[in-house]
Protein chains: 2
Amino acid sequence: MKSFYSRFDFQSNLLFEALTTAEKKTVYNAMESLSIKKGSLLFYEEGIPTGIFQIKKGKAKKIKKGFSGSEQIFYIYTTGDVLGYHALFGEERYQDSCEALEDLEVNFIAKDVFFQLLKSIPRLQQTFIKNIGHEFGVLANIIAVLAQKNLNARLAINLLILNNRFQKQYKAGSGIDLTREDLANVIGTSPESLGRCLKYFKDQGSIEVDKRVIYIKNEESLFQLLNSSS
Amino acid sequence: MKSFYSRFDFQSNLLFEALTTAEKKTVYNAMESLSIKKGSLLFYEEGIPTGIFQIKKGKAKKIKKGFSGSEQIFYIYTTGDVLGYHALFGEERYQDSCEALEDLEVNFIAKDVFFQLLKSIPRLQQTFIKNIGHEFGVLANIIAVLAQKNLNARLAINLLILNNRFQKQYKAGSGIDLTREDLANVIGTSPESLGRCLKYFKDQGSIEVDKRVIYIKNEESLFQLLNSSS
DNA sequence: TTTTAAACATAACAAATGTTATGTTTTTAC
DNA sequence: GTAAAAACATAACATTTGTTATGTTTAAAA
């Protein structure tokens, strides 16, 4: 049985980890450095793929526009994560958009260069395709949570997931720093209803909030919501 | 802009369509025929992949177990659909389970045979990987619907999707024939709440129900729910 | 066919969530 | 640093959805 966190984590920060030191060097030599401003897009739905990205520093949200123009956030990438490769393997357009949540430093590998890397390092293709399969399972898990859990439980799960993901990249206890609107767009509710849940968790002592940053104070109480509520 | 239906359809019935007549023949010669009883599993989460399946006749549900043991249905396959290949490309275990909704006739291609086919027909691998990319986008769309739409809208959308999918495979006007529990597990609610929505649609003249089969009588009225409701 | 179990329809009530509104705090832009 | 805009907190009320309960219909088993 996989751990709780890996069921909800793309693990796209580990894509180059299976390589030898020499291979890694080849990959990192192929990268060029980019700076991306907060609020701008790394790529967008229906756009033509240009290459893949690795985040050196910062956070980015992967979003899909709904019918009513509202955006659904289905993943938040952090430092070390590699993204943008689905569309390259499929030789098709991007299926979703990715927006910088803060000023980003990223490494970029252009499409042609990436395909050359895949040729020279055969293991790489399998690693990527394997990860796409894993990500597929992650999305299925996200669907199950959204469809089956009430708001408190959805928030609890996502706070745990985000806290874990941000801790890996920043330091432990760094907290969850997202706008209320973004967090609401992750768990599928309005900022107002989100606020009510946050207040409930605060009163209960599960979390503390400073400015907009959320700190988890009692993981256990949040985990308890997973199994119970409908 | 993609059509409404293709945004929610895996299109896994078209995987062999890009092949030449000769290539198709090679593929179909590699298949062996199986009969699968209603309620039994084609494969299950964490199981070791054995090959891929194509449904010759019948329907099957792709499910993921939640925490509380409840099942989430995130796709329903019908006649012609090919499934079970994600795990093979990733060389990992199945990420989800697939259960027959009625007695099935399926074609099976064993793992080794499938890999041989990929070698002898190079285009095939790209077609499959491209489709996995497409399916990724479908799951993201499903997430957006579950997170953003109220129960009426979720039901309306899924009735349209299922009606479209079943019509393609059976004949037009064949209706939607699922247990209330399965349909509830698609849209993320209880059978009781589902019943209330169905009654509302019936009273409104959007659908008719005979036994448990649902017939759409006014597509337009269901489509109107897409853009409006939150 | 008869019996038994499963599935379905519906209603009343409880609980959760959405919405609107108002005032405050924090961030951004100049 | 100051002004303007955005983000946030909270409450009251409306609406939606969940839950429990009961009787009926349909499908499965004997």
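To find a chain, count down the sequence lines: A is the first, B the second, and so on, and within it residues start at 1. FYI, side chains are in, hydrogens and waters are out, and symmetry mates aren't considered; it's all heavy atoms of this structure. Note that the structure is a prediction, hence the values are computed from the model and not measured.
With a 4.5 Å cut-off on side-chain heavy atoms, A:H134 and A:Q11 count as touching. With contacts defined as side-chain heavy-atom distances shorter than 4.5 Å, the pair B:I48/B:Y94 does not qualify.
For the pair A:D177 CG and C:dT26 P, the computed distance is 14 Å after rounding to whole Å. For the pair B:Q148 CD and C:dT17 C1', the computed distance is 16 Å after rounding to whole Å. The CG-C1' distance, from B:D182 to C:dA7, rounds to 12 Å in whole Å. The distance from atom NZ of B:K149 to atom P of C:dG18 is 13 Å, rounded to the nearest whole Å. With rounding to whole Å, B:D210 atom CG is found 11 Å from C:dA9 atom P. To the nearest angstrom, P of D:dT16 lies 11 Å from CG of B:L151. Atom pair B:I187:CD1 and D:dT17:P shows a separation of 10 Å (rounding to whole Å applied). Rounded to whole Å, atom P of D:dT16 lies 17 Å from atom CG of B:L194.
In this structure, the nucleotide among C:dA16, C:dT28, D:dG18 sitting nearest to the side chain of A:N150 is C:dA16. Among the nucleotides D:dT19, D:dT10, D:dA12, the one closest to any side-chain atom of B:S193 is D:dT19. Residue B:K38 places its side chain closer to D:dA28 than to any other of D:dT17, D:dA28, D:dA9. Comparing D:dG18, D:dA11, C:dT17 against the side chain of A:R196 picks out C:dT17 as the nearest. Side-chain proximity of B:E192 to C:dG18, D:dA11, D:dA21: nearest is D:dA21.
Between B:K211 and A:C197, the residue whose closest nucleotide on DNA chain C is further toward the 5' end is B:K211. Residue whose closest nucleotide on DNA chain C sits further toward the 5' end, between A:R212 and A:S190: A:S190.
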Self-check item: CA sep, side-chain torsions, deciding dist, call: A:Y85, A:F114, ring pair (Phe, Tyr, Trp, His ring centres under 6.0 Å)
Solution: CA-CA 9 Å; A:Y85 44 88; A:F114 180 62; 7.7 Å; no
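Considering CD1 of A:I132 and NE2 of A:H86, their distance stands at 4.5 Å, rounded to 0.5 Å.
Using bins of under 30°, 30° to 60° and over 60° for the plane-to-plane angle, the ring pair A:Y77/A:F10 lands in the tilted bin.
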